[in-house]
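All residue numbers refer to positions in the sequence shown, counting from 1. What you are looking at is a predicted structure, and each value in this text was computed from that prediction instead of being measured. Values below: all heavy atoms of this structure, side chains included; hydrogens, waters and symmetry mates excluded.
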Amino acid sequence: MGQITAVAKDIIDLMDALKVEKAVIGGFDWGARTANIIAALWPERCKAQVSVSGYLIGSQAAGKIPLPPSAEFQWWYQYYFATERGRIGYEQYRADFSKLIWQLASPQWKFDNATFERSAASFNNPDHVSIVIHNYRWRLGLAEGEAKFDALEARLDTGPTIGVPTITMEGDDNGAPHPPASAYAKKFTGKYKHIVVTGGIGHNLPQEAPRVFADAIIEADGFSR
């Protein structure tokens, strides 16, 4: 299953296993959402965060609200995954699908096959398809979550502010659906900075601009001192 709080709790459990009391957490897409959730629900475990595309905490209730057609069009794969045809299609063509998403979301990123294959190897995990499909169906209210996460989900439903020191980042050519920085800046009530990375940087900012992303992690770490 890919319920958003379950993914965040997995990271908390990993930190417990590694005896990491507090960490700077950074990521994009699912990783940024996970960082946001940890910062909101377990701020004592998050020293600072770097979140590509900003504030990504959502809920099933929000997922049921229709968007303008142009915005819905960008989420075509969410509706594909809602069908059995989509689940079977992703099972059969997961590498082709993922490469297409990379190309659409980062239109100026000229990655080679070797770069893609290094990531694509992880898609062969036997649980991968089930987790992806459940995540998108759960967002639309088409799949149940686990009751043990209900209290945490209720807290996220309120759209909580985040007091953890934060740097948000955005590439100047992100082809994936993403909110403008002005829409989420006030969600971060602690020390805060927004960075726009230029040069045709798309959705996968940590891989397309690794030095800039790493520098942001170091800078965010300094925020908390």
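Checked options Lys9, Glu153, Glu146; the residue passing with Gln3 is Glu153 (criterion: side-chain hydrogen bond (donor to acceptor under 3.5 Å, both in side chains)). Test Ile25, Ile12, Val164, Val20 against Arg45 for side chain to side chain contact (heavy atoms under 4.5 Å, CB included) and you get one pass: Ile12. Between Ile201 and the options Val196, Asp172, Asn174, a side chain to side chain contact (heavy atoms under 4.5 Å, CB included) holds for only Asp172. Partner of Phe223 under the side chain to side chain contact (heavy atoms under 4.5 Å, CB included) criterion, chosen from Ile167, Val24, Thr166: Ile167.
Counting only N and O atoms by type, the side chains of Asp127 and Ser130 include no donor and acceptor under 3.5 Å apart. Side-chain contact, Asn204 with Ser106: no donor N or O sits under 3.5 Å from an acceptor N or O.
Nearest heavy-atom pair, Gly26 versus Ile217, reported as atom, atom and distance to 0.1 Å: CA-CD1, 4.0 Å. Across Ile162 and Ala39, no two heavy atoms sit closer than the pair CG2-CB, 3.7 Å. Summarising the geometry of Gly54 relative to Thr168, their closest heavy-atom pair is CA-CG2, 3.7 Å, with the distance given to 0.1 Å. Between His203 and Asp29, the shortest heavy-atom distance links the atoms NE2-OD2, 2.6 Å. Pairing each heavy atom of Asp221 with each of Lys47, the nearest pair is OD1-NZ, 2.7 Å. Taking each heavy atom of Gln207 and Ser119 in turn, the nearest pair found is OE1-OG, 4.3 Å.
Between the side chain of Asp173 and the backbone N or O of Gly199, no donor-acceptor pair lies under 3.5 Å. Under a 3.5 Å cut-off, the side chain of Gln78 and the backbone N or O of Tyr136 do not form any donor-acceptor pair. Looking at His134, its side chain does come within 3.5 Å of a backbone N or O of Glu144 through a donor-acceptor pair. Asp157 places no side-chain N or O within donor-acceptor distance of the main-chain N or O of Ser59, the cut-off being under 3.5 Å. Panel note: side chain Arg137, backbone Leu142; no donor-acceptor pair is recorded below 3.5 Å.
Atoms CZ and CD, from Phe111 and Glu117 in turn, are 10.0 Å apart once rounded to the nearest 0.5 Å. Of the inter-residue distances, the one linking Asn36 atom CG with Leu41 atom CG reads 10.5 Å to the nearest 0.5 angstrom. Considering NZ of Lys187 and CD1 of Ile57, their distance stands at 8.0 Å, rounded to 0.5 Å. Of the inter-residue distances, the one linking Ile38 atom CD1 with Glu44 atom CD reads 10.5 Å to the nearest 0.5 angstrom. The distance from the NZ atom of Lys148 to the OG1 atom of Thr5 is 9.5 Å, given to the nearest 0.5 Å. Note that CG of Leu140 and OH of Tyr79 are 6.0 Å apart. Values are rounded to the nearest 0.5 Å.
Using a 30° and 60° split on the angle between ring planes, Tyr80 and Phe97 fall in the parallel class, below 30°. Taking the six-membered ring for Trp and thresholds of 30 and 60 degrees, His128 and Tyr90 have ring planes inclined between 30 and 60 degrees apart. Between Tyr192 and Phe188, the ring planes lie parallel to each other; the angle is under 30°, not in the 30° to 60° tilted range. Relative orientation of the Tyr184 and His194 rings is perpendicular, given thresholds of 30° and 60° on the angle between their planes.
Side-chain contact between Val197 and Glu208 is absent, with no heavy-atom pair separated by less than 4.5 Å. Counting only heavy atoms from C-beta outward, the side chains of Trp42 and Ile11 never approach each other to under 4.5 Å. Within the 4.5 Å cutoff, the side chain of Ile131 has no heavy atoms near those of the Asn135 side chain. Contact check for Ser53 versus Glu170: side-chain heavy atoms found under the 4.5 Å cut-off. A 4.5 Å side-chain heavy-atom check between Trp138 and Ile4 finds at least one atom pair inside the cut-off. Side-chain contact between Asp96 and Lys99: absent, with no pair of heavy atoms (C-beta onward) separated by less than 4.5 Å.
When hydrophobic clusters are built by joining Ile, Leu, Val, Met, Phe, Trp and Tyr residues whose side-chain heavy atoms come closer than 4.5 Å, directly or via intermediates, Leu100 is not grouped with Phe28.
The neighbour count for Tyr93 OH, taken as heavy atoms of other residues, nucleotides or ligands under 6.0 Å away, does not exceed 12.
For Trp75 and Tyr77, the ring centers sit closer than 6.0 Å to each other.
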